[in-house]
Amino acid sequence: CGKTVIEPPIPCGYPTVPDCWEQCSVPRECGHPADHYCHEDGPCPPCVTLVQKMCLGGHKVMPFKTPCHQPAVSCGEVCGKPLPC
């Protein structure tokens, strides 16, 4: 991100990228703010913001919150809908 710099002289063998302790500035697809530090490359870790979700069968909104990245939640009731297979 460029917010952390290593002032010269840089000793031999020093890591080329300094650790950055700033909040990650990459926007999440879900819209929640980043809850992790800046990283050099690769994808951000999954969003762990707790949200309420509808169960897989669409019966009800679950009474507990689950991490945003979790795609499906089961209410434990018999659904009655045919499986896609």
Side-chain angles (χ1 to χ4, degrees):
C1 70
K3 293 181 183 176
T4 304
V5 296
I6 303 171
E7 297 294 332
I10 300 171
C12 250
Y14 196 82
T16 55
V17 178
D19 289 333
C20 182
W21 301 108
E22 297 288 328
Q23 253 339 59
C24 180
S25 60
V26 177
R28 292 187 177 276
E29 290 179 20
C30 62
H32 293 124
D35 56 356
H36 58 278
Y37 294 119
C38 185
H39 48 95
E40 182 181 354
D41 56 1
C44 291
C47 180
V48 294
T49 302
L50 297 177
V51 295
Q52 283 194 299
K53 292 192 173 193
M54 180 72 75
C55 72
L56 281 171
H59 301 122
K60 60 184 174 183
V61 174
M62 300 307 293
F64 53 85
K65 294 186 176 186
T66 57
C68 178
H69 72 88
Q70 187 172 351
V73 181
S74 173
C75 66
E77 294 180 15
V78 177
C79 184
K81 292 183 180 180
L83 296 173
C85 60

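Because the structure is predicted, anything quoted here is derived from the model rather than measured.
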Inset, instruction - Mind jotting down which residue pairs meet the ring pair (Phe, Tyr, Trp, His ring centres under 6.0 Å) criterion with at least one end in residues 33-53? Sequence neighbours excluded, please. - result: W21-Y37, H36-H39
Inset, instruction - Just do the side chain to side chain contact (heavy atoms under 4.5 Å, CB included) check on V51 and H32 with the steps written out, would you? - result: CA-CA 10 Å; V51 295; H32 293 124; 3.7 Å; yes
Using distance only, find each side-chain donor-acceptor pair of residues 60-78 under 3.5 Å and give its atom names and separation, not counting sequence neighbours.
unit_1 : atom_1 : unit_2 : atom_2 : d
K60    : NZ     : E77    : OE2    : 3.2
Q70    : NE2    : A72    : O      : 3.4
S74    : OG     : G76    : N      : 3.2

